[in-house]
**Student:** 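Handing you a structure now.
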Amino acid sequence: MEHGASVASLVIVILAAFITPILLHRLKINFIPVVVAEILIGLIIGKSGFDIVHEDMWLETLSTLGFIFLMFLSGLEIDFTAFSSAKKRVKLPSGKLEPNSFAVSSIVFLGIFLVSLGLSYLFVWADFIDNAFLMTLIISTISLGVVVPTLKEAHLMKTGIGQIILLIAVIADLATMILLAVFVSLNDTGGGNTWLLLVLFGVGVLLYFLGRRFKNLNFLEAMSTGTVQIGTRAVFALIIFLVALSETVGAENILGAFLAGVLVSLLAPNQEMIHKLDSFGYGFLIPIFFVMVGVDLDVWTLFGDPKLLMLIPLLLVALLLSKLLPIYILKRWYDIKTVIASGFLLTSTLSLVIAAATIGERMDVITAEMSGTLILVAVITSIFTPVVFKKLFPMEAAEEKKLKVSFIGANQMTMPIYNELKSSLYEPALYHKKQEKAEKQIADSLFDIIEVDEFNIENFDGTEAFESDIVVISTGDEETNATLSIAFKEKGVDRVICRMESPDMEETLREHDIELFSTILSSKALLRALIESPSVVNILTNQETALYEIRLKNEQFEGMMLRRFPFTGDVIFVRIFRGKDSIVPHGDTELHVNDRLIVTGSKEYVDELKRELEFCEWC
């Protein structure tokens, strides 16, 4: 009988996890994160609702694995390139230069921690909680799982303010996780294990250097496909090893999982590997954990205690104050709406609060009711703070936005494209070495060439080349092309396209995420296409019938059917690429954010469509 009940509960939880995102999509409830919706579904089927799920060994094991994998992905989510200050600081609309992202983010987090500490002592004084340090960690934590998707949806990840928000969340995630481990060691009944945390971090450093040494070996790359998947096996071995080591030294298992994620992030895995890990975690284990969080939460007990009921709004106010007061320092550079919106987004908190509440309850530092209250408040913040952020964050007119494209090297290839790109969508710039007087008069009559003394990175310091969205490097010297490409990439330019005829440097440049083009390869591809598909070549080369790719970023069109698409210009949708899927569009085809739309039509209308689709209202 128990076995039957066990299987029934597991089936209900799995079905709940499966149905939740479908319901959100069909009901068009886009403002609630899926993980929050899973907790809410758990509330309905658990103790607070119909009480049809009862925890057993299967659910407890899968839920624990889900939490461990969630902490691993939290560590993996940290992009350490955000700590780089190599990117040139741009001038803001206020006329001031952008602040140093790392410096200002560190100051803001320090302020968050100090304000949280002061507020925690107020909660201790009011007899809501006994441990001020645990409450400080709970108030100061920030959810990367909410901040990162919200910034991506608003297309702010690469902006100055987006980088500051992201860095504050990253620093908070790292600091609170480490301090939570210290808290566990100090308050553990065994005692005296705090120094053993150094052993855990020491092993992590050793594994990092071993990973760097061996990750690019040829035989390992050969074993990364098919049924072997050595990279995935290595990741899971790392997680289990560090989780076991973490428990051995007296820390929580989630610290080992988080450290494993940090190590994998530092080793810069390929995107396919990250996609596999995300798919496994968010497709199976993590939803079970979040549903079980809701199942175990008894909100009626919380509402039955006036003291806990009073704590909910007070804690919400504390979470807001702890972020809004320190982040006010950004008022020196940004307008008040931007600052307040950023403060609201940083108030979102979820996974680490659940971790702290669970650990505090297990160690008898807080009661089960208090743990439930803290989790409920975390769920509330994750629902309303992204919505407030999107409402408050100042909108900019899309027509004012242009993609800056810088061409390094004026020649027969770059100059015609420079002229063709001049439009309300692109802002091209052409850089070349100083010319002879006769050459200069001819060039100046046709092109606005910006002259530099030599093609080296130092000569571009006084120009706006580093502020470009795309840099195309096509000088007559391949070594110069390669050197400049790497230098521009290190300066923080998002896309660098390099002309490289020789295959010798290709692998090195691709490792730096540099895009390559070659006249030899282009000519071969064109000749083959002329032989096999002459009509297709005509489409690609004819200005009036050319194919264009547009990436859908404007959330206004999310879920819209093509038959209801309001654009009436001379444009035809030819293909839609969604992830790895290729879709033939028809009237009932729904558009989704990040779709790559292949269209054909007159360039004037295509540019207008690009402005409409590629720039969202919060970009």
Side-chain angles (χ1 to χ4, degrees), residues 67 70-71 74 109-144 169 171-194 196-197 200 246-247 249-258 293 296-297 301-302 305 307-308 310-323 326 346-382:
F67 196 20
L70 174 66
M71 289 297 104
S74 295
F109 174 70
L110 183 61
I112 289 171
F113 191 81
L114 293 175
V115 173
S116 301
L117 184 62
L119 292 169
S120 298
Y121 277 107
L122 286 177
F123 281 108
V124 172
W125 175 77
D127 198 30
F128 283 108
I129 196 170
D130 296 324
N131 194 299
F133 187 61
L134 179 63
M135 183 58 92
T136 302
L137 296 181
I138 288 168
I139 296 176
S140 60
T141 188
I142 299 167
S143 176
L144 266 176
I171 294 169
D173 219 30
L174 279 168
T176 49
M177 176 57 75
I178 293 168
L179 290 173
L180 185 59
V182 173
F183 169 79
V184 172
S185 298
L186 290 173
N187 290 273
D188 193 38
T189 51
N193 289 325
T194 308
L196 288 174
L197 289 175
L200 179 63
S246 185
E247 290 191 342
V249 301
E252 283 292 317
N253 53 24
I254 56 173
L255 178 62
F258 184 81
V293 167
D296 293 334
L297 198 59
T301 305
L302 310 182
D305 187 336
K307 189 175 181 180
L308 292 176
M310 188 189 305
L311 178 62
I312 294 173
L314 291 176
L315 193 52
L316 284 171
V317 171
L319 287 167
L320 278 169
L321 286 177
S322 68
K323 310 306 186 300
L346 291 170
T347 302
S348 61
T349 179
L350 192 63
S351 53
L352 278 177
V353 166
I354 295 172
T358 305
I359 291 167
E361 181 186 347
R362 182 181 58 77
M363 298 175 65
D364 293 325
V365 176
I366 58 175
T367 63
E369 291 76 20
M370 174 63 78
S371 173
T373 304
L374 296 173
I375 292 171
L376 182 61
V377 170
V379 170
I380 293 170
T381 64
S382 298

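Positions are given from 1 along the sequence.
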**Student:** What distance separates Ile112 CD1 from Ile171 CD1, expressed to the nearest 0.5 Å?
**Tutor:**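 One finds 9.5 Å between CD1 of Ile112 and CD1 of Ile171.
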
**Student:** Return the CG to CE distance between Asp130 and Met370, rounded to the nearest 0.5 Å.
**Tutor:**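 These two atoms lie 8.5 Å from each other.
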
**Student:** Closest heavy-atom contact between Lys323 and Thr347?
**Tutor:**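 Closest heavy-atom pair between Lys323 and Thr347: CG-OG1, 3.6 Å.
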
**Student:** Which atom pair, heavy atoms only, marks the closest approach of Leu374 to Leu315?
**Tutor:**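 For Leu374 and Leu315, the tightest heavy-atom pair comes out as CD2-CD2, 3.4 Å.
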
**Student:** Would you check, one step at a time, whether the test side-chain contact (heavy atoms from CB on, under 4.5 Å) holds for Val353 with Val377?
**Tutor:** CA-CA 9 Å; Val353 166; Val377 170; over 6 Å; no

**Student:** I need the minimum non-hydrogen distance between Gly372 and Leu297, along with the two atoms involved.
**Tutor:**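 Scanning both residues completely, I find the closest heavy atoms to be CA-CD1, 3.1 Å.
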
**Student:** Calculate, to the nearest 0.5 Å, the distance between atoms CD1 and OG1 belonging to Ile142 and Thr381 respectively.
**Tutor:**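 Between atom CD1 of Ile142 and atom OG1 of Thr381 there are 11.0 Å.
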
**Student:** Do Met177 and Thr141 touch side chain to side chain, with heavy atoms closer than 4.5 Å?
**Tutor:**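 With C-beta onward as the side chain, the pair stays apart.
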
**Student:** So do Leu319 and Ile139 actually touch side chain to side chain, heavy atoms under 4.5 Å?
**Tutor:**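 Of all side-chain heavy-atom pairs linking Leu319 with Ile139, at least one is under 4.5 Å.
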
**Student:** Does anything in residues 371-380 pair up under side-chain hydrogen bond (donor to acceptor under 3.5 Å, both in side chains), and if so which pairs, sequence neighbours excluded?
**Tutor:**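 Only Glu361-Ser371 qualify under side-chain hydrogen bond (donor to acceptor under 3.5 Å, both in side chains).
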
**Student:** Give, for atom CZ of Phe109 and atom OG1 of Thr176, the distance between the pair rounded to the nearest 0.5 Å.
**Tutor:**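 Going from the CZ atom of Phe109 to the OG1 atom of Thr176 covers 6.0 Å.
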
**Student:** Of the non-hydrogen atoms in Val115 and Ser322, which two are nearest, and what is the gap between them?
**Tutor:**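 The pair with the smallest heavy-atom distance is CG1-CA, 3.7 Å.
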
**Student:** Could you give the distance from CG (Leu314) to NZ (Lys307), rounded to the nearest 0.5 Å?
**Tutor:**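 If I round to the nearest 0.5 Å, the distance is 11.5 Å.
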
**Student:** A side-chain contact here means heavy atoms from C-beta on lying under 4.5 Å apart; do Leu179 and Thr136 qualify?
**Tutor:**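 Side chain of Leu179 against side chain of Thr136, heavy atoms only: no contact under 4.5 Å found.
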
**Student:** Could you tell me the separation between the CG atom of Leu110 and the OG atom of Ser140, rounded to the nearest 0.5 Å?
**Tutor:**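 If we round to the nearest 0.5 Å, Leu110:CG and Ser140:OG are 11.0 Å apart.
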
**Student:** Quick check: closest heavy atoms across Ser116 and Ser120, and the distance to 0.1 Å?
**Tutor:**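 Smallest heavy-atom distance, with atoms named: O-OG, 2.7 Å.
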
**Student:** Which class fits the ring pair Phe128 and Phe123: parallel under 30°, tilted 30 to 60°, perpendicular over 60°?
**Tutor:**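 Geometry flag for Phe123 against Phe128: perpendicular rings.
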
**Student:** So, does Ser382 use its side chain to make a donor-acceptor pair with the main chain of Thr349 at under 3.5 Å?
**Tutor:**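 Looks like yes, one N/O pair under 3.5 Å.
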
**Student:** Using a 4.5 Å cut-off on heavy atoms from C-beta on, say whether the side chain of Leu134 contacts that of Ile138.
**Tutor:**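 When only atoms from C-beta onward are counted, Leu134 and Ile138 do touch, with a gap below 4.5 Å.
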
**Student:** State, yes or no, whether a side-chain contact exists between Ile366 and Met135 at a heavy-atom distance under 4.5 Å.
**Tutor:**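 Side chain of Ile366 against side chain of Met135, heavy atoms only: no contact under 4.5 Å found.
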
**Student:** For the residue pair Leu119 and Ala318, what are the closest heavy atoms and their distance?
**Tutor:**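 Scanning both residues, the minimum pair turns out to be CD1-O, 3.5 Å.
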
**Student:** How about Ile312 and Ile380: do any of their side-chain heavy atoms sit closer than 4.5 Å?
**Tutor:**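 Ile312 reaches Ile380 side chain to side chain.
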
